[in-house]
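Each chain gets a letter, A, B and so on, in the order its sequence line appears, and its residues count up from 1. The model shown is predicted, which means the values in this text are computed figures rather than measured ones.
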Amino acid sequence: MSTETPQKKNYKQTLNLPQTAFPMEAKLVQNEPKRLAMWKEGRLYEKLMTARAKAPHWVLHDGPPFANGDIHIGHVINKTLKDVFLRYKSMAGFQTPYVPGWDCHGLPIEHKITKDLGPKVREMSKLDVRKLCHEYAQKYVGIQSEQFQRLGILGEWNNPYLTMKPEYESETLNVFADFVEAGLVYKQLKPVHWSIANQTALADAELEYKEVDDNSVFVEFAARNPGEVKGKFDLRVNAPVSFLIWTTTPWTLPANMAIAVHPDVEYAFVQYDRNGQTRITVVATDLVEKVFAKVSDSNPQVLKTVRGNELVGLEYQHPFVDRVGRVVHAEYVTTTDGTGLVHTAPGHGEDDYHTGITNHIEIYCPVQANGRFDSTVPNWLTGLTVWEGNPKVTDKLKELDVLFAEEKIRHSYPHDWRSKTPTIFRATEQWFISLDKPFVPKGGSGEAKSLRQRATEAVEQTTFIPSWGKARILGMLESRPDWCISRQRAWGLPIPVFYNEKDEPLLTGQSVRAVAKRFCERGSDVWFTETPTELLSCDQTACPAHFGEVAKLRKEKDIFDVWFESGSSWHAVLQCRSYLKFPADLYLEGSDQHRGWFQLSLLPALGATGTPPFKQVLTHGFVVKPDGTKVSKSDKEYVTATQEIERHGADLLRLWCCSVDYQGDIPTSPQAIKEFGDKYRKIRNTLRYLLSNLYDFDPKQNTQEVPQNSLDGWASAELDQLIADVTSAYDAYQLHRAFRLLHDFCAVQISAVYGNAMKDRLYCESPNSPVRRRTQTVMYRMIIALTKLLAPMIVFTADEAWEYIQHKPKDDAECASVHLALLPQPSGQTVSDQQREEWKLLMDLRDQGLAQLDTLKKEAGLNKALDAEVIYEVDDDDLRRRLQVYGPDLEDLVGAGFHSFAEVSTNKPAVSVKMVDRRETYQACARSWKRRPDVGQDPDYPDLTLRDAAAVKANK
RNA sequence: GGGCUCGUAGCUCAGUUGGUUAGAGCGCGUCCCUGAUAAGGACGAGGUCGGACGUUCGAAUCGUCUCGGGCCCA
């Protein structure tokens, strides 16, 4: 059914309507894998490295994710940011090698494996468990690698770094050797969670907390010199003085070394009666009532109150051990329960341990691996288990008349997840790296400084993005204890220490390097299969004769904290691969890594080389739910990364990553990502529109001068500004700014303003008309610049668009992929203030015109702007002369059919605009639909304007 | 509890050294176009800038407190 006249159809055929094969619908999910295959086939990464072979390096060093599970949205953000920056820097002319890595050792994997094995694990050797862990890690490296590549992350995927590879393990040991030589490695007791049933140390993840009933005791610790105490605090009562402590684990009392008080809490000296005797003891004021309620007829009377720090330094006599302890201060002391005076056994508690270290108190642990007391305790305890010890100790306290009260208490207590038995805190020998011992790094000279000092100085010289990262890591460095690098696990890198028959450790740079060499050749499993003789066979002098016979050496059982391994990547990767460089230009991870990888890479690098491993450290935040709270997998709104990729494609996810300010929390939901498709489509359609209007444009033949005083000039300048702004946003790592600039440029400058206005001349002018070619000249610049600027973000779409750009300039034409190209450059044209004002005026007049058009639409039913004429009312001759050049531009900006200038005197603005309904005045051109007075002036085409008539003739 | 940090329209973001009626894009609503068409355009409604109190002639911007998040510790 054709209601159109045949003539009309003819005219449509005479137009230069946009045409392109670049599809409107992206079909990212189907097309991205094809493009990936194409890149792989074409060796895009290798090509890029070759293309920039002589360029200066810009190295981003990848922090290794844990090889466990599918990637999640946090990985997507992290890897996308890295990829975008790398690609941008590459387009900026740098050589940007990217070696992805994985953290392979560690408890989560070992935990998973042993859990899956169940009871079978008892029959398996460490080596068997390690083999299973290795397979597991390898499997997930493969899975995650695929998933990262699917995201469009470009890198050396065929040669990533894995912390479990023999070369890597070996280089980690070499870093350790440097530490040993610097004299920073030492062994010391430290309490760990201990399973008596399995006689093994446990990690936090291996604990299950259960509610249990225990007998807690309140104990009077007699002041060593009551007279002195009474004198100091002016207590004129003839009674013994004690400090009242409370504990739920009486068996730890033999190891009591101190009493901790909070320096700012108020304590009371209380006079009370018990067992027919008047006594004085100290309790936190807030707890006096609660505590003395436990003893009937105690008649407590507060004699005096003092602040905790006044008590510090006072001494007491241990009730049943020949030992004097003293009162120390600790910030963690609370007055929620107990007495406010905390029984401190540095060998049996985390807090107690820190208090012990701070106050130089011995880390004393009289409990053996089997949970029985050793011979250093009173002989009525020796040989008993700690559980047998509990009632014994309580009885003894009763006997000594220092048991103030007993109380059944229900509390949550850690249990071994495997044997389901209660665990204890027990001090064991651990390896440490000293943070405060001054040293001079290998090959270095100058002043000996501690690791802590060096780290602080290095951080001062590092750029942090955002800047507060510096304060954060400095705070952590200030307060962190020495680094405990040993773990009692199977799945990890063995600490290469040997012991002779006197239990003296063999640990020298030389011995470590000898083992490193062996590991490099055969992997770290040899630690479990080979004899010390074999392990040290690479260096016959590694074990000095006076130390003992090599064959009789015993191997250390502990492995390294996995952080020491990933924290050595600056060496194992950056220094060991010749095409990388040390230090790296950028480390980029989540802000949790201030404590993690950043700090624990900084320390090894400084210990071994004296140089920090990075110049810049960039951090991003974490995804949260739309309401700002943390996400968990059970949430309905949980965003599954792989699922989102399959649903919307990688480019959409990438673009979304680029649109948010990653410095803070990142609200995320499947809904938000889905809705973000609108932004992607706007950009894609804009690219498509530009491409479609360039189908017949060849810059070699059709390029036109673009005068500044024209809409084309404006558009060209806007593009220049865009290039400058986007570039500086990228340089500042402000992706959301770059994204916004690009998106808004597409939505506003191109779609709403320029592209919309230029339709008439693009479609209706004769193909070779200079004004048409001029607009194409600008659009051609636009499509190239936009595609390039978008390329780091939407890697697939940009590369696709790149293929559709015809007649690229020589340098670009040589780039099969946009990712090989260099960034666009601004035209270099300077713009005068007067020119800017003219453009501003032009846009103001557009606003005026559109507003009036809206009124005409509502009041007169004028729906098509082409039915209106825009009249510019100008008084000033000079201004009119300047504006006349913009005549057609002004007309097209409001979409009018015609424009004219009138000298109607207006008294306020120098120029104003008036829209006039011309439906009754002029005939509409059948081709351009413009209503103009010249329609019908060409006798051959009575239904066309002169311009259109000429265009039709030229087309024939 | 501590260190660091975030809180501007439904969403994502701008808001320079404190200064006229707090901006943009998207979304939404209404309308138009049908020669970018599973596109495009116009107009419009949305915010007392987490809250309170201060400093100031004047604060989203400075200070104190407070509420609610986040990361890391304890």
Side-chain angles (χ1 to χ4, degrees), chain A residues 8-9 11-20 22 24-25 262 330-334 336 350-351 354 464 466-476 478-480 590-596 599 619-631 656 658-661 663-667 669 671-672 675-679 681-682 684-693 734 736-737 739-748 750-753 755-760 762-764 846-847 849-858 861-866 894-895 927-929:
Chain A
K8 249 188 171 173
K9 252 187 178 162
Y11 286 136
K12 182 165 176 179
Q13 281 157 9
T14 68
L15 296 171
N16 321 303
L17 290 180
Q19 41 187 283
T20 177
F22 183 77
M24 179 178 282
E25 201 188 341
H262 194 290
E331 299 288 334
Y332 55 80
V333 174
T334 63
T336 48
E350 186 90 51
D351 287 338
H354 289 296
F464 284 82
S467 56
W468 49 257
K470 182 174 286 187
R472 189 166 193 216
I473 200 168
L474 278 177
M476 291 172 172
E478 240 167 66
S479 61
R480 72 152 297 145
S591 60
D592 56 336
Q593 300 303 333
H594 283 117
R595 174 163 290 272
Q599 188 186 145
T619 55
H620 58 255
F622 288 78
V623 291
V624 293
K625 286 189 276 187
D627 68 359
T629 57
K630 73 191 304 171
V631 294
W656 171 78
C658 294
S659 76
V660 295
D661 182 357
Q663 298 194 358
D665 300 337
I666 304 166
S669 70
Q671 185 68 13
E675 282 168 7
F676 197 75
D678 289 333
K679 306 261 196 328
R681 265 173 252 122
K682 186 69 177 188
R684 185 178 178 93
N685 272 323
T686 304
L687 296 180
R688 181 167 182 270
Y689 182 64
L690 292 174
L691 286 169
S692 68
N693 278 302
Q734 304 236 316
H736 66 289
R737 234 185 84 215
F739 162 78
R740 164 171 308 281
L741 287 162
L742 286 162
H743 174 269
D744 290 3
F745 190 84
C746 288
V748 181
I750 298 184
S751 197
V753 181
N756 203 235
M758 293 322 209
K759 281 180 186 175
D760 176 72
L762 286 168
Y763 301 171
C764 302
R846 171 180 180 267
D847 289 344
L850 289 174
Q852 288 185 38
L853 220 42
D854 198 54
T855 310
L856 280 176
K857 187 157 105 185
K858 280 169 187 154
L862 182 108
N863 287 331
K864 296 167 75 170
L866 289 167
V894 294
R927 185 169 178 267
S928 67
W929 301 338

- [ ] Take the protein atom CG of A:N863 and the nucleotide atom P of B:A42, then report the distance between them rounded to whole Å.
- [x] 15 Å

- [ ] Test for a donor-acceptor pair under 3.5 Å between the base of B:C13 and the side chain of A:R737, counting only N and O atoms.
- [x] no

TODO: Measure across A:P466 and A:Q663 and return the closest heavy-atom pair with its distance rounded to 0.1 Å.
DONE: CB-OE1, 3.3 Å

- [ ] Identify whether any heavy atom of A:D678 sits under 4.0 Å from a base atom; if not, whether one sits that close to sugar-phosphate; answer base, sugar-phosphate or nothing.
- [x] sugar-phosphate

Task: Distance-minimising heavy-atom pair for A:C746 and A:T686 - done: CB-OG1, 3.4 Å

Open item on the list: I need the CZ-P distance between A:R595 and B:A74, as an integer number of Å.
Closed with: 7 Å

Open item on the list: Whether A:K630 contacts B:C71 is assessed here as follows: a side-chain N or O lying under 4.0 Å from the phosphate OP1 or OP2. Is that the case?
Closed with: yes

TODO: Grab the NZ-P distance between A:K864 and B:C33 for me, whole Å please.
DONE: 8 Å

Task: B:G25 pyrimidine/purine six-ring stacking with A:F745, under 5.5 Å and 30° - done: no

TODO: Would you kindly give the CG-to-P distance between A:L15 and B:A36, to the nearest whole Å?
DONE: 10 Å

Task: Check: B:U12 base within 3.5 Å donor-acceptor of A:R740 side chain - done: yes

- [ ] Write down the distance between CD1 (A:I473) and P (B:G3), rounded to a whole number of angstrom.
- [x] 18 Å

Open item on the list: Taking atom types as they are modelled, would you say the side chain of A:S751 forms a donor-acceptor pair with the base of B:A36 within the 3.5 Å cutoff?
Closed with: yes

TODO: Using Watson-Crick or G-U wobble geometry with both distances below 3.5 Å, tell me the partner of B:G44, or none.
DONE: B:C28

TODO: Let me know the distance between CG of A:D760 and P of B:G40, rounded to the nearest Å.
DONE: 20 Å

Open item on the list: Is A:K682 close enough to B:G41 that one of its side-chain N or O atoms is under 4.0 Å from OP1 or OP2 there?
Closed with: yes

TODO: Using only heavy-atom distances, determine whether the side chains of A:S659 and A:K679 contain a donor-acceptor pair under 3.5 Å.
DONE: no

- [ ] With the side chain of A:K759 defined as its heavy atoms from C-beta on, choose the nearest nucleotide among B:U12, B:G40, B:A42.
- [x] B:G40

Task: Rounded distance in Å - CG (A:D661) to P (B:C11) - done: 16 Å

- [ ] Can you tell me the pairing partner of B:G68 across any strand shown, Watson-Crick or G-U wobble, with both distances under 3.5 angstrom?
- [x] B:C6

